[in-house]
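Atoms considered below: every heavy atom in the structure, side chains included; atoms not considered: hydrogens, waters and symmetry mates. Naming: A, B, ... by sequence-line order, numbering from 1 per chain.
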2 protein chains.
Amino acid sequence: MTSIDDVPGTRDRLIAAMSDLLQRRGLHGIGLSDVLAQAHAPKGVLYHHFPGGKVELAVAAIQAAVAYMKARLDRLQATHDDPVQALRAWLDHAQKQLEQSDFERGSPLATVALESTAADHVLRQALAQAFGDIRELLTGLLSQAGVMPVRAAQLATLMVGAYEGALIQSRVAGSAQPVRDIADVLLEWVRCEMKPKTDQQEPESTHP
Amino acid sequence: MTSIDDVPGTRDRLIAAMSDLLQRRGLHGIGLSDVLAQAHAPKGVLYHHFPGGKVELAVAAIQAAVAYMKARLDRLQATHDDPVQALRAWLDHAQKQLEQSDFERGSPLATVALESTAADHVLRQALAQAFGDIRELLTGLLSQAGVMPVRAAQLATLMVGAYEGALIQSRVAGSAQPVRDIADVLLEWVRCEMKPKTDQQEPESTHP
DNA sequence: TTGACAATAGACCGACTGGTCTATAGAATC
DNA sequence: GATTCTATAGACCAGTCGGTCTATTGTCAA
């Protein structure tokens, strides 16, 4: 996904390049030349597929990231009976990806969110939708696990926030420790939240 | 603090301007011209006080932010008997500042952290130190409250992460709801962590 | 007054930015 | 083959970037 031209169509290559670079350096930190070089595409083709230029491409990358995350969460939810273990698998994957990229690739959402101004309506709208979608996914997973809806929404917000905050700390520390610590505490607590409601869970196992 | 030239010396004005702009738009999102205009200073004076240019000024702003936060946390710790209430006051203040700036001012650390590359040694070093300092402060507060040291360190990491993640979500949502939700859940849980160790707490009151 | 030095002031520069524009290549339809 | 439309290709532009450089001013010591 990160590598050279896997030749899946120019448009998709542009989105993939933008997505990768957004995670590493943010929207203002990269030039169109960086994106074009990484996608092996000339400038004209960018404005052909994305008349809105840099911002429109960034929005596409954000939406692609959400779609990817949704697909992965759905798959995990189908694979694991215990929702907490599904969450654990999700966080483990994030940690692995972070380590594989030498702690340079995190979330493409957080960086753009912090760079954006109130004047950047399009970006803000896309980001609001993206964060809302992810929270909704997690809320569904949690309430399906027996957490009360209102509470589930609160926990989902916390999970998203803690996740982003963990990536930030791991990135500057150059260590997976923060992500590990946060995941451990968070999942432990989430399991507590579920206990009172339902007791029909797997034979209880902490992470490997 | 945010306002016009309060004339506390050019150097401090530059730091204040950089600090404000880092929170709003990040390091790459602002030009030196923005900083200089906001500080009412010509370009020469910047390179006189900060020969390292933009980056050195950013580092100074980061360090100033940490010092400010440390001073505030110390004060809160002295004011409140119940450490959880001190944390509550801390988070309430953050929420208030966020609302007062129309959700545009968050943390100057997170943005720069996400924009920085492994090649930006100076920035990374300053950020690692900054996050480490803040975690240390919170760890101290928590262990003083009776939480076991190792556990306190984990919780501190989670608090910092959740705090940053809350600011991100509130910013794009244009609402204080995420910050409120996260603060509520977090403090509730932290109080749980303390209960088993010590029982000598104030007559238990949730936030106003 | 003179000299030394910190601070202020802004003109200036090459490099690079996002974006536009024209030219060409490829594919599909008639 | 002619025509049309999508896709590719990159030259080009005005504007901005961070940074350097040369004055000029203010201040204290001699």
Figure out the [atom1]/[atom2] separation between [X] and [N], and round it to whole Å.
{"X": "Phe50(B)", "N": "dT20(D)", "atom1": "CZ", "atom2": "P", "value": "16 Å"}
{"X": "His49(A)", "N": "dC5(D)", "atom1": "NE2", "atom2": "P", "value": "18 Å"}
{"X": "Leu27(B)", "N": "dC17(D)", "atom1": "CG", "atom2": "P", "value": "13 Å"}

Is the shortest distance from a Lys or Arg side-chain nitrogen in [X] or [Y] to a carboxylate oxygen in the other one below 4.0 Å?
{"X": "Glu188(B)", "Y": "Arg151(A)", "result": "yes"}
{"X": "Lys70(B)", "Y": "Asp74(B)", "result": "yes"}
{"X": "Asp184(B)", "Y": "Arg88(B)", "result": "yes"}
{"X": "Asp120(B)", "Y": "Arg25(A)", "result": "no"}
{"X": "Arg124(B)", "Y": "Glu104(A)", "result": "yes"}

* Asked: Just the endpoints, please: which first and last nucleotides of DNA chain C, 5' to 3', lie under 4.0 Å from a heavy atom of chain A?
  ->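 Contacts span dT17(C) to dT20(C), reading 5' to 3'.
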Under 4.0 Å, heavy atoms only, any strand: does [X] hit a base, just the sugar-phosphate, or nothing?
{"X": "Lys43(B)", "answer": "base"}
{"X": "Leu36(B)", "answer": "nothing"}
{"X": "Gly44(A)", "answer": "base"}

* **5' priority, DNA chain D, between Thr10(A) and Gly52(B) [closest heavy atom]** =>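 So the residue in question is Thr10(A).
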* Looking at CD of Gln129(B) and CD of Gln63(B), how far apart are the two atoms once the value is rounded to the nearest 0.5 Å? ->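 Separation between the atoms: 8.0 Å.
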